[in-house]
Amino acid sequence: MATLIAQKISQAGLEPTYVTPEAAGDLLVNTAIQFFHVQNDSAASIVATVVPVVTTVVDPLLGILVKENAVLSLAAGEEGFLGPFEIDAFNDASGTIKITCSATASINLAALYL
C-alpha cells in the first residue's frame, strides 16, 4: 500500500504524475481539499472506492444518518474525479483515507488539490 502525495493545481498549471494503484489500496493524507483523478485505460469497466470510517451518525432531529461509500464507476477508456472527502467521515486515526480500485492494470491514479 503506497502513500500518495497530493499535487497542487495552480494558476501556472499542472501536468500530474500518475501511479498504478496497488491492489490493497493507496493512502492519502486528507485535509478535505484533496481529490483523485482516475484514468481507466483498460478494456473493462472499473470501480474506484473510498470507504468512510464513520458510516452512521445519530442526529436528534433527523435520526440515523448513513454516510455512503464514495464510488466512481468508469467504463473502458473513461476517466473521472472522486472527492473531496469530509475529514470527520473519511479520515482514519492517522488522518488518511484509502482508495481502492477494482482493477489495477492499465489504471492511472493521481491525487490532486487546488
_Just verifying a value: how many Å separate Gln34 CD and Leu114 CG, rounded to the nearest 0.5 Å?_
10.0 Å

*Separation between OG1 of Thr56 and NZ of Lys67, rounded to the nearest 0.5 Å*: 13.0 Å

*Tell me, please, which residues at least two apart from Glu78 pass salt bridge (Lys or Arg N to Asp or Glu O under 4.0 Å).*
none

*asked:* Treating Ser94 as the side-chain partner and Thr96 as the backbone partner, does any N or O pair qualify as donor plus acceptor under 3.5 Å?
replied: no

*Over all heavy atoms of both residues, which pair between Phe35 and Pro84 is shortest? Give the atoms and the distance, please.*
CB-N, 4.2 Å

*Provide the closest heavy-atom pair for Thr104 versus Pro21 in the form atom of the first, atom of the second, distance.*
CG2-O, 3.0 Å

*Heavy atoms only: give me the nearest Glu22-Ala2 pair and the separation to one decimal.*
OE2-CB, 3.5 Å

*Side chains of Cys101 and Val47: closer than 4.5 Å at any heavy-atom pair?*
no

*Between Asn91 (side chain) and Asn30 (backbone), is there a donor-acceptor pair under 3.5 Å?*
yes

_For Asp88 against Val54, the heavy-atom pair lying closest together_ = O-CG2, 3.4 Å

*Looking only at atom types and distance, does a side-chain atom of Gln39 sit under 3.5 Å from a main-chain N or O of Glu79, one as donor and one as acceptor?*
no

*In Å, rounded to the nearest 0.5 Å, how long is the span from OG1 of Thr17 to CG of Leu112?*
10.0 Å

*Between Ala110 and Pro16, which heavy-atom pair has the shortest distance, and what is it?*
CB-CB, 4.3 Å

*Expected output: side-chain Asn40 to main-chain Ala75 donor-acceptor under 3.5 Å*: yes

*CD1/Ile9 to NE2/His37 distance, rounded to the nearest 0.5 angstrom?*
9.5 Å

*Quick one: name the residues clustered hydrophobically with Leu82, using the 4.5 Å side-chain heavy-atom rule over I, L, V, M, F, W, Y, and just say none if it's on its own.*
Leu4, Val19, Leu28, Phe36, Val38, Ile46, Val50, Leu72, Leu74, Phe85, Phe90, Ile97, Ile99, Ile107, Leu109

*asked:* Does anything in residues 92-112 form a ring-ring contact (aromatic ring centres under 6.0 Å, His included)? List the pairs, not counting sequence neighbours.
replied: none

*With a cut-off of 6.0 Å (strictly less than), are more than 12 heavy atoms of other residues, nucleotides or ligands near CD1 of Ile64?*
no

